[in-house]
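A quick write-up on the structure given underneath.
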Amino acid sequence: QLQLVESGGGLVQPGGSLRLSCVASGFTLDYYAVGWFRQAPGKEREGVSCIASDDSTNYKDNVKGRFTISRDNAKNTVYLQMSSLKPEDTAVYYCAAVMHDCLGSAFMDFWGNGTLVTVST
């Protein structure tokens, strides 16, 4: 059974921090690129960040400097550390995986069910 499960979402005030986790089950993430995507209510899904199997990373411009993606292959887990959160970061956050290299959402093979992040006073 191939699964990705996100966790760590919740309600946080603007300026706060949150760490999301993406845990793979049924396969190992060593040879996979893992991306984080988000979808706000009424808006299209957008890419947030991605880490490739060689540990190279990329970030969407509107999160650069605030978010950090990392991986721990021994734990089969990818993290998204989010700081200086803004109301516009409110969304359901999804992780997704594809072999080796970071690609667009259309190329991802495995998706989690998402975790909700709400940034509000």
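- There is a path of hydrophobic side-chain contacts, each under 4.5 Å, that joins Tyr31 to Leu2.
- Separation of atoms CG (Asp101) and CG (Asp54) is listed at 7.0 Å; rounding is to 0.5 Å.
- With hydrogens and angles ignored, the 3.5 Å screen pairs no side-chain donor or acceptor of Ser21 with any backbone N or O of Tyr79.
- With Arg38 as reference, Asp89 is the one residue of Leu20, Asp89, Val92, Thr90 to meet the side chain to side chain contact (heavy atoms under 4.5 Å, CB included) rule.
- In this structure, the side chain of Arg71 does not engage the main chain of Ala33 through any donor-acceptor pair within 3.5 Å.
- A distance of 9.0 Å separates OG in Ser17 from CE in Met82, rounded to the nearest 0.5 Å.
- Taking the six-membered ring where the residue is Trp, Phe110 and Tyr32 present tilted rings, their angle falling between 30° and 60°.
- Residues Thr28 and Asn73 are not in side-chain contact: their nearest non-hydrogen atoms beyond the backbone lie 4.5 Å or more apart.
- Cluster membership for Val23 and Trp111, using ILVMFWY side-chain heavy atoms within less than 4.5 angstrom, is not shared.
- The two residues Phe37 and Ser105 come nearest to each other via the heavy atoms CE2-CB, 3.5 Å.
- In this structure, Arg66 CZ and Leu85 CG are separated by 6.5 Å, a value rounded to the nearest 0.5 Å.
- Tracing side-chain contacts under 4.5 Å through hydrophobic residues (I, L, V, M, F, W, Y), one reaches Leu116 starting from Tyr94; they form part of the same cluster.
- Residues Cys50 and Met108 approach most closely at SG-CE, 4.5 Å, considering heavy atoms.
- Using cut-offs of 30° and 60° for the angle between ring planes, the Tyr93 and Phe67 rings count as tilted.
- When side chains are defined from C-beta on, Leu4 counts as touching Phe27, because their heavy atoms get closer than 4.5 Å.
- Counting non-hydrogen atoms of neighbouring residues, nucleotides and ligands closer than 6.0 angstrom, the CG atom of Asp109 exceeds 12 such neighbours.
- No continuous path of ILVMFWY side-chain contacts below 4.5 Å connects Trp36 to Val5, so the two sit in separate hydrophobic clusters.
- No donor-acceptor pair closer than 3.5 Å links the side chain of Glu6 to the backbone N or O of Thr115.
- Atom CD of Glu44 has 12 or fewer heavy atoms from other residues, nucleotides or ligands within 6.0 Å.
- Atoms CD1 and SG, on Ile51 and Cys95 in that order, are 13.0 Å from each other to the nearest 0.5 Å.
- Nearest heavy-atom pair, Asn58 versus Cys102, reported as atom, atom and distance to 0.1 Å: ND2-CB, 3.8 Å.
- Atom CG of Asp30 is separated from atom CG of Asn76 by 7.0 Å, given to the nearest 0.5 angstrom.
- One finds a salt bridge joining Asp61 and Lys64 here, because a Lys/Arg side-chain nitrogen approaches an Asp/Glu carboxylate oxygen to under 4.0 Å.
- Following chains of ILVMFWY side-chain contacts shorter than 4.5 Å, one can reach Tyr59 starting from Val34, so the two form part of one hydrophobic cluster.
- In this structure, Asn62 CG and Glu46 CD are separated by 5.5 Å, a value rounded to the nearest 0.5 Å.
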